[in-house]
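Residue numbers begin at 1 in each chain, while the letters A, B, ... track the order of the sequences. Note that these values count all heavy atoms, side chains included, but never hydrogens, waters or copies made by symmetry.
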There are 2 protein chains.
Amino acid sequence: MSETVYPLAGAAALERRGLRDRVYDLVLDMLMTADLAPGTRLSIDAIARDLKVSPTPVREALVQLERTGLVTREALKGYRVAPPLAAEQLEALFDARLVLEGGATELAARHAEALVPQLEQALAEHVEISRLVHETAARGEKLSLGLIRDYFAIDWNFHHLIFAGTQNPFLIDMSEAISTRVHRMRQTVKSGVSDADEAVIEHGAILEAFRGGSSDTAAAAMRDHIERVRERARRDVASS
Amino acid sequence: MSETVYPLAGAAALERRGLRDRVYDLVLDMLMTADLAPGTRLSIDAIARDLKVSPTPVREALVQLERTGLVTREALKGYRVAPPLAAEQLEALFDARLVLEGGATELAARHAEALVPQLEQALAEHVEISRLVHETAARGEKLSLGLIRDYFAIDWNFHHLIFAGTQNPFLIDMSEAISTRVHRMRQTVKSGVSDADEAVIEHGAILEAFRGGSSDTAAAAMRDHIERVRERARRDVASS
DNA sequence: CCTTCATCTATCCTATAGGATATTTGGCAC
DNA sequence: GTGCCAAATATCCTATAGGATAGATGAAGG
């Protein structure tokens with residue numbers, strides 16, 4: 001008796017999750033880190049055996065993943081890792097980002113006061129991990145998958161904070177759809193870590209614009225950043 | 001024997017669908033037409049009994065619906081019809097539409113030549129059904145659910161064509177997320193049919209801008225249209 | 001009369017089983 | 001050796017069963 005009951009501390013944060021959700025996280029993580037060749041079959045039974053669960057929750061997790069665009073489904077044939085983004089689709093992705101993130105930046109500027117300190121924090125982390133990457137590279141070591149993963153997470157966090165700053169649940173939802181595609185693109189396109197310095201500078205310009213309080217200036221800085229990322233990605237594709 | 005086999009005619013269009021997909025369509029239709037009170041429980045077993053299928057495909061269809069925002073899920077508690085859009089969320093929805101549809105209109109202007117005839121067709125249908133609505137109202141008859149449904153479909157078709165005109169799969173995906181929410185909003189907000197004349201005029205202005213070929217003008221016309229719809233929706237909410 | 005606790009029912013969640021479909025393997029004919 | 005067909009295997013898809021959890025009902029105590 002007399003079990004220690006932790007009262008309300010963060011009770012709202014504790015949201016119960018079924019097995020389905022955990023399988024979803026695991027498969028998502030698997031798709032993000034281990035770069036599977038596009039078109040690889042994702043056998044439901046095989047995944048179920050691997051994770052020691054029944055096919056049912058796996059099936060549901062894959063239905064959910066299908067809506068993110070990371071996997072494709074053909075009825076009665078199964079799921080596959082989504083094909084890589086063709087050059088045309090890469091352009092479309094950046095067009096969509098220009099629309100979405102440009103607009104989101106304008107809206108987020110309404111709450112700039114709350115947003116600026118968060119972006120400062122995110123940028124500081126970005127600077128820090130860039131330094132780490134450079135040091136590792138200078139020592140001639142190969143960048144560990146974990147480090148690359150962390151770098152991408154921190155880089156995207158800056159963009160994510162801006163979406164969150166709009167306080168618009170619909171835009172935040174859409175940002176997640178974009179997010180998965182951007183992460184996937186970075187697996188195929190080599191770049192992403194090599195342009196760390198430029199990314200930091202451009203993020204800094206966006207932050208500065210937020211400090212200024214002009215939504216138009218901030219949106220312009222964001223659009224400029226995305227266009228530059230697009231250019232760097234184009235060069236990478238061309239050189240591969 | 002000797003079954004009549006229809007050869008290749010439109011074979012590409014015939015895409016095989018599992019039971020899961022049919023259940024999805026049925027539940028989606030049910031959510032769109034029969035206006036269920038928000039918060040209504042969607043029992044998996046009950047739906048399965050209704051449709052004479054096992055719970056498994058129903059469960060998968062609901063997972064898919066969850067991503068559209070039409071239903072909400074609480075682990076171990078089940079699915080419910082999504083709560084109605086609060087005033088705040090209504091504003092957020094229009095903000096998101098301004099960003100998305102404004103941007104999409106700019107991009108669609110690149111392919112204006114192909115788009116204009118389609119929009120002309122859509123607008124003609126819009127005019128036609130508006131006339132029908134007016135006649136029905138003039139006779140003092142109550143508007144049938146089918147007529148209202150058709151009106152909404154035709155109205156939204158104009159917006160959908162513009163998304164399709166971007167030829168951007170990512171934006172088209174996002175438009176579907178918006179579409180379900182807009183349809184749902186129209187169930188709660190009374191307006192939508194009453195402003196038929198204004199909608200036709202504003203759509204006409206967008207079409208005219210596309211004919212002119214200026215992407216900025218077209219985007220401005222679209223944003224103006226959405227802002228006006230927002231205003232009309234606000235008035236409706238206030239008067240209820 | 002109201003609160004509290006136990007029991008009971010309904011529902012969700014996961015696991016297992018079997019039929020249906022796709023894919024692969026092996027063999028045969030050319 | 002190459003192309004085609006058939007059987008075997010693997011996989012997907014739906015159905016059913018049982019354990020687990022949430023909500024409801026009813027009784028006991030204050």
Which nucleotide in the set D:dC13, C:dC12, C:dT14 lies at the smallest distance from any side-chain heavy atom of A:Ile44? D:dC13
Closest-nucleotide mapping onto DNA chain C: is A:Pro57 or B:Arg49 further toward the 5' terminus? I mean the 5' end. B:Arg49
Basic-acidic side-chain contact under 4.0 Å: A:Asp173, B:Arg181: yes
Selection from C:dT16, C:dC12, D:dC13 that lies nearest to any side-chain heavy atom of B:Arg59: C:dC12
For a quick test of reading the model: is some side-chain N or O of A:Ser54 closer than 4.0 Å to OP1 or OP2 of C:dT14? no
To the closest 0.5 Å, what do you measure between CE (A:Met30) and CG (A:Leu65)? 10.5 Å
Judged by atom type as modelled, is there a donor-acceptor pair below 3.5 Å linking the side chain of B:Asp29 to the main-chain atoms of B:Leu26? no
When all nucleic acid strands are considered with a 4.0 Å heavy-atom cut-off, which category describes A:Leu62: base, sugar-phosphate, or nothing? nothing
What distance do A:Ile178 atom CD1 and A:Met185 atom CE have between them, rounded to the nearest 0.5 Å? 10.5 Å
May I ask you to check whether over 12 heavy atoms, not counting those of A:Leu36, lie within 6.0 Å of atom CG? yes
Taking only N and O in the side chain of B:Thr56, is any of them less than 4.0 Å away from OP1 or OP2 of D:dT16? no
OP1 or OP2 of D:dA10 less than 4.0 angstrom from a side-chain nitrogen or oxygen of A:Ser43, does that happen here? no
When you measure from the side-chain N and O atoms of B:Lys77 to the phosphate of D:dT21, is any distance below 4.0 Å, counting only OP1 and OP2? no
Closest-nucleotide ordering on DNA chain C, the 5'-leading residue of A:Leu19 and A:Arg80: A:Leu19
Nearest-angstrom distance from the residue atom CZ of B:Arg73 to P of D:dA22: 13 Å
Under 4.0 Å, counting only non-hydrogen atoms across every strand here, what does B:Ile47 touch: a base, just sugar-phosphate, or nothing? nothing
A:Leu51 CG to C:dA15 P, straight-line distance once rounded to whole Å: 11 Å
Ranking C:dT23, C:dA15, C:dC12 by distance to the side chain of A:Arg41, first place goes to C:dT23
How many Å lie between CD on B:Glu74 and C1' on D:dG23, as a whole number? 13 Å
Between C:dT21, D:dT16, C:dA15, spot the one nearest the side chain of A:Val53, thanks. C:dA15
Rounded distance (Å) that lies between atom P of C:dT14 and atom CG of A:Asp21: 8 Å
Rounded to the nearest angstrom, tell me the gap between atom CG in B:Leu76 and atom P in D:dA20. 13 Å
Which is true for B:Ala75 with a 4.0 Å heavy-atom rule: it touches a base, it touches only sugar-phosphate, or it touches nothing? sugar-phosphate
